[in-house]
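Predicted, not measured: the structure shown is a model, and the values here were computed from it.
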Amino acid sequence: MHIRIYYSCPLLLSSLILLCSYLAAVHGGDTISADQSLSGDQTIASSNFVLGFFKPGNASKYYVGIWYKNVTKQTVVWVANRETAVSDKARAELKIVSGNLVILDESKIAVWNTSITPTGTGDGAVSAVLLDSGNLILREGSGPDLGSSTPLWQSFDNPADTWLPGGKLAYDKRTSKKQLLTSWKNSDDPAPGLFSLELDPDQKRYLIKWNRSVEYWTSGPWNGQIFSLVPEMRSNYLYNFSYADMDNESYFTYSVYSSSIISRFVMDVSGQIKQFTWLEGQNQWNLFWSQPRQQCEVHAYCGPFAACQNSLPFCNCLDGFRVTSDGDWSRNDYSGGCTRKASLQCGGRDKFKASPQMNPPDRHVSVGGVGSDSDCESFCLGNCSCSAYAYDVGNGCSVWMGELQNLVQLAPNDGGGKTVNIRLSASEFSGGKSNKLVIGAVFGSVVFGLLALSGAFFWSRRRVGTAKAAMEGSLVAFSYRDLQCATRNFSEKLGSGGFGSVFKGTLPDPSSPAIAVKKLESISQGEKQFRTEVSTIGTIQHVNLVRLCGFCSEGNKKLLVYDYMPNGSLDSCLFSETNGPKFLDWKSRYQIALGIARGLSYLHEKCRDCIIHCDIKPENILLDSQMCPKVADFGLAKLVGRDFSRVLTTMRGTRGYLAPEWISGVPITPKADVYSYGMMVFELLSGTRNSEHAKVKFFPTWAASHVILKEGDVLDVLDPKLDRVADHEEVSRMCRVGFWCIQDDENQRPSMGMVVQILEGVLDVKLPPIPSSLHVFGGDDEQDIVFFTESSSSQSSSQTHSKTSRNASLVKNQC
């Protein structure tokens with residue numbers, strides 16, 4: 001804006017007043033009128049969002065965008081000029097021209113506009129308004145009343161990479177136009193990237209596509225309540241989803257149940273659709289849900305001649321190749337992939353480098369009549385377009401032409417995969433070594449890596465002199481004699497369990513803290529338990545998971561070495577008549593419940609493989625010197641690959657904490673741990689075993705009747721030793737969490753990630769239904785509970801009676 005200064009003081013004063021009024025309107029309001037413009041650091045804002053010029057990441061140019069007003073970390077949800085940035089935001093403008101919202105660059109050239117047909121009523125009758133929903137609308141009129149008329153244009157109809165509550169992803173049946181959610185090109189460039197989410201109206205489903213053409217993920221068709229391949233929608237506590245199929249358009253939309261929740265869906269630069277919620281207390285975005293689950297399921301994520309692996313770093317160039325653009329890779333854009341270090345010679349002068357344990361690309365050419373590896377190699381050498389080949393007896397000869405995309409490198413312990421032979425220039429092979437030697441060298445290195453990663457079974461022994469390394473996070477192989485000395489011949493017993501006893505020990509290094517040594521005594525089961533324990537927690541670290549420092553494996557002598565927990569296990573503090581090592585006040589109990597939930601959430605949702613603990617109970621929760629809980633004893637744990645939602649396994653765990661699905665024999669999911677956690681929550685509340693309460697037959701049954709049916713004082717469920725000294729809201733929250741966790745239908749139970757958010761106060765949780773199986777445990781209000789279950793069920797009376805009887809049988813068998 002240019003201000004001409006006159007010598008006339010009254011005129012100067014008038015100009016200054018107008019300038020101040022203009023700036024106040026721009027900075028303080030949510031509207032751009034026809035006589036206003038936005039430039040430099042000027043913004044307009046609603047109660048939740050801000051519109052203005054911004055510069056993403058390490059970029060040097062500017063864009064007009066919308067970001068959250070109440071989120072400390074600037075998070076952009078919409079960008080206008082995605083493809084054409086401006087260099088000087090001070091001279092660039094966002095203004096209304098001929099009825100359109102337009103961005104003019106520093107040369108006053110239009111680089112973006114809303115592209116609507118002018119109404120003919122003049123610019124003065126059009127204004128732009130930023131709504132509290134984050135929707136920027138262009139409307140007729142400039143007064144405060146929005147009226148009921150349809151906006152001339154709105155950002156919700158032109159989304160970028162983010163889908164906000166209230167927005168919709170639609171298909172216009174009149175114009176055949178789809179609203180796409182399109183990723184940024186990279187973390188510094190909001191230009192449309194390769195990945196997009198769109199609606200398939202014919203099958204009523206959503207698709208993620210690469211380059212608008214290759215479909216690599218689908219939601220499955222809408223069945224009236226959820227998308228069939230997104231079962232998580234059944235048990236959500238955050239969102240209300242709806243799908244509409246009308247004459248002019250089809251669309252999917254969602255809203256949040258609580259206005260206090262800040263949430264968004266993003267078509268991420270990773271090629272995954274991600275759902276985030278803002279954690280105010282932790283000042284960070286929490287990843288709530290994402291698909292595809294594995295990074296390497298994203299089509300061509302690593303670009304040509306790179307191998308993807310489902311752990312960081314996700315992308316690596318194949319041998320003989322280098323990164324095409326280091327700058328792009330540093331900004332999380334791997335689409336350019338890798339290029340050859342040396343050009344191919346063709347004419348039979350190239351060679352092949354073996355890459356074992358690969359999942360090769362699907363698109364290949366099967367060569368018939370080829371009966372050996374050497375014949376397959378010769379065929380590929382004879383075609384200058386052939387980039388790689390693989391041969392096995394079962395599938396014969398497969399060759400790949402042109403650029404190699406979608407190679408996936410399997411981890412050493414994944415098993416399976418093929419050896420893919422990559423074509424390279426002969427100059428890449430020093431000394432002219434034969435292919436067989438190369439294959440042998442690669443195979444040897446893979447075996448060596450496998451041995452290294454297998455830890456407990458293939459590592460060489462180390463002496464106690466490596467104790468410092470153990471305390472600093474390295475997994476150390478101890479000798480039996482070392483641990484015998486450290487525990488003074490296993491003299492100080494800390495406790496025992498189904499697989500052995502635990503002893504306190506001290507390492508020679510005076511700076512090392514005490515250790516706990518678990519000595520496995522039942523070798524018929526102990527070998528399997530030992531392998532499970534080491535492979536499960538040997539490589540993971542979390543503040544709420546017990547840390548494995550080392551191990552010993554000498555014949556039948558199997559020992560595991562952990563950090564020593566001075567306050568013992570939770571059951572010793574909770575159930576002991578003397579309150580164990582330390583009395584648990586309410587604050588400690590609540591923090592313990594939250595810490596356990598965080599540890600389980602990490603196991604279920606953050607590890608490379610989903611880990612189901614299978615035996616959550618107070619005995620397997622250890623407390624350090626600060627009463628921080630540590631989930632321990634992974635001997636029964638089950639690893640579930642991210643490609644699988646459930647696993648069929650033999651029944652394992654402890655009576656009183658077993659989910660109904662264990663008894664029925666159906667495949668289990670992480671929701672089995674959720675059930676066990678819920679049962680343990682009631683024991684944290686009452687201070688007694690659920691089945692050993694002094695006043696009632698089964699504590700959760702009584703609590704359900706008292707809190708839900710009778711709407712009694714929630715503090716009545718507390719351990720009498722607490723003398724009702726507790727935060728009423730926290731007690732109510734824990735009660736509700738407990739009841740949701742022990743629902744008979746696993747789909748109604750929350751994930752542990754959701755439990756964490758509820759206990760942190762991020763999510764509100766409504767009053768739960770009473771699990772129908774609780775009545776079989778008995779209690780003063782058993783008839784009331786049966787009546788509640790049957791009258792509130794969506795099933796018929798006969799169906800409800802049948803289901804209740806079935807659940808009763810299951811739980812009786814358990815107890």
Checklist entry - Going through the distances and angles, do Asp571 and Lys617 end up as a salt bridge (Lys or Arg N to Asp or Glu O under 4.0 Å)? => result CA-CA 8 Å; Asp571 68 304; Lys617 59 183 178 180; over 6 Å; no
Tell me every residue that passes side chain to side chain donor-acceptor pair (under 3.5 Å) with [X], counting only those two or more places apart in sequence or in another chain.
| X | value |
| --- | --- |
| Ser732 | none |
| Ser259 | none |
| Asp585 | Ser588 |

Checklist entry - Is the Trp217-Tyr206 ring centre distance short of 6.0 angstrom? => result no
Next on the checklist: Between Tyr675 and Tyr657 (judged by ring centroids, cut-off 6.0 Å), do the two rings come close enough to count as a pair?
Outcome noted: no
Checklist entry - Do Lys274's NZ or CZ and the ring of Phe265 fall within the cation-pi criteria of under 6.0 Å and 45°? => result no
Checklist entry - With a distance cut-off below 6.0 Å to the six-membered ring centre and an angular limit of 45° from the axis, does Lys518 pair with Tyr562 as a cation-pi contact? => result no
Which value, rounded to the nearest 0.5 Å, describes the distance between [X] atom [atom1] and [Y] atom [atom2]?
| X | Y | atom1 | atom2 | value |
| --- | --- | --- | --- | --- |
| Cys573 | Met627 | SG | CE | 4.5 Å |
| Ile616 | Asp673 | CD1 | CG | 5.0 Å |
| Leu685 | Leu715 | CG | CG | 10.5 Å |
| Asp764 | Ser260 | CG | OG | 5.5 Å |
| Ile758 | Met734 | CD1 | CE | 12.5 Å |
| Gln743 | Arg749 | CD | CZ | 8.5 Å |

Parallel under 30°, tilted from 30 to 60°, perpendicular over 60°: which one fits the rings of [X] and [Y]?
| X | Y | value |
| --- | --- | --- |
| Trp163 | Tyr254 | perpendicular |
| Trp702 | His706 | parallel |
| Trp285 | Tyr68 | tilted |
| Tyr602 | His542 | tilted |

Checklist entry - Under 3.5 Å, is there a donor-acceptor pair linking the side chains of Ser686 and Asp719? => result no
Checklist entry - What do the steps show when you test Trp289 against Ile273 for side chain to side chain contact (heavy atoms under 4.5 Å, CB included), and what is the final call? => result CA-CA 8 Å; Trp289 174 85; Ile273 182 71; 3.9 Å; yes
Checklist entry - More than 12 non-hydrogen atoms from neighbouring residues, nucleotides or ligands closer than 6.0 Å to CD on Gln284, yes or no? => result yes
Item to check | Leu545 and its side chain to side chain contact (heavy atoms under 4.5 Å, CB included) partner, picked from Leu600, Val631, Ile611, Leu622 | outcome: Val631
Next on the checklist: Test: salt bridge (charged side-chain N to carboxylate O under 4.0 Å, His left out). Region: residues 725-740. Which pairs qualify, not counting sequence neighbours?
Outcome noted: Glu729-Arg733
Checklist outcome for this item: The complete set of salt bridge (charged side-chain N to carboxylate O under 4.0 Å, His left out) pairs with one or both residues in residues 591-600, sequence neighbours excluded, reads Arg598-Glu760
Checklist outcome for this item: Nearest heavy-atom contact between Gln225 and Trp222 is O-CH2, 3.1 Å
Checklist entry - With sequence neighbours left out, what residues match Glu492 under salt bridge (charged side-chain N to carboxylate O under 4.0 Å, His left out)? => result Arg488
Next on the checklist: Tell me if a side-chain donor or acceptor on Gln272 pairs with a main-chain N or O of Ser290 at a distance below 3.5 Å.
Outcome noted: no
Next on the checklist: With a 3.5 Å distance limit and no angle check, can you tell me whether Asn620 reaches the backbone of Asp615 through a side-chain donor-acceptor pair?
Outcome noted: yes
Next on the checklist: Run the side chain to side chain contact (heavy atoms under 4.5 Å, CB included) test on Leu559 and Lys519 for me, step by step, so that the C-alpha distance in whole Å, both residues' side-chain angles and the decisive distance to 0.1 Å come before the verdict.
Outcome noted: CA-CA 5 Å; Leu559 301 97; Lys519 187 179 182 183; 4.1 Å; yes
Item to check | Full working for side-chain hydrogen bond (donor to acceptor under 3.5 Å, both in side chains) between Asn223 and Ser228 | outcome: CA-CA 7 Å; Asn223 64 15; Ser228 61; over 6 Å; no
Next on the checklist: Quick one, Lys630 with Asp563, criterion salt bridge (Lys or Arg N to Asp or Glu O under 4.0 Å). Give me CA distance, side-chain angles, the key distance, then yes/no.
Outcome noted: CA-CA 10 Å; Lys630 313 275 187 178; Asp563 287 334; over 6 Å; no
Checklist entry - Should Phe739 and Phe682 be marked as a ring-ring contact (aromatic ring centres under 6.0 Å, His included) after you check the CA-CA gap, both sets of side-chain angles, and the distance that decides it? => result CA-CA 9 Å; Phe739 283 120; Phe682 289 109; 4.8 Å; yes
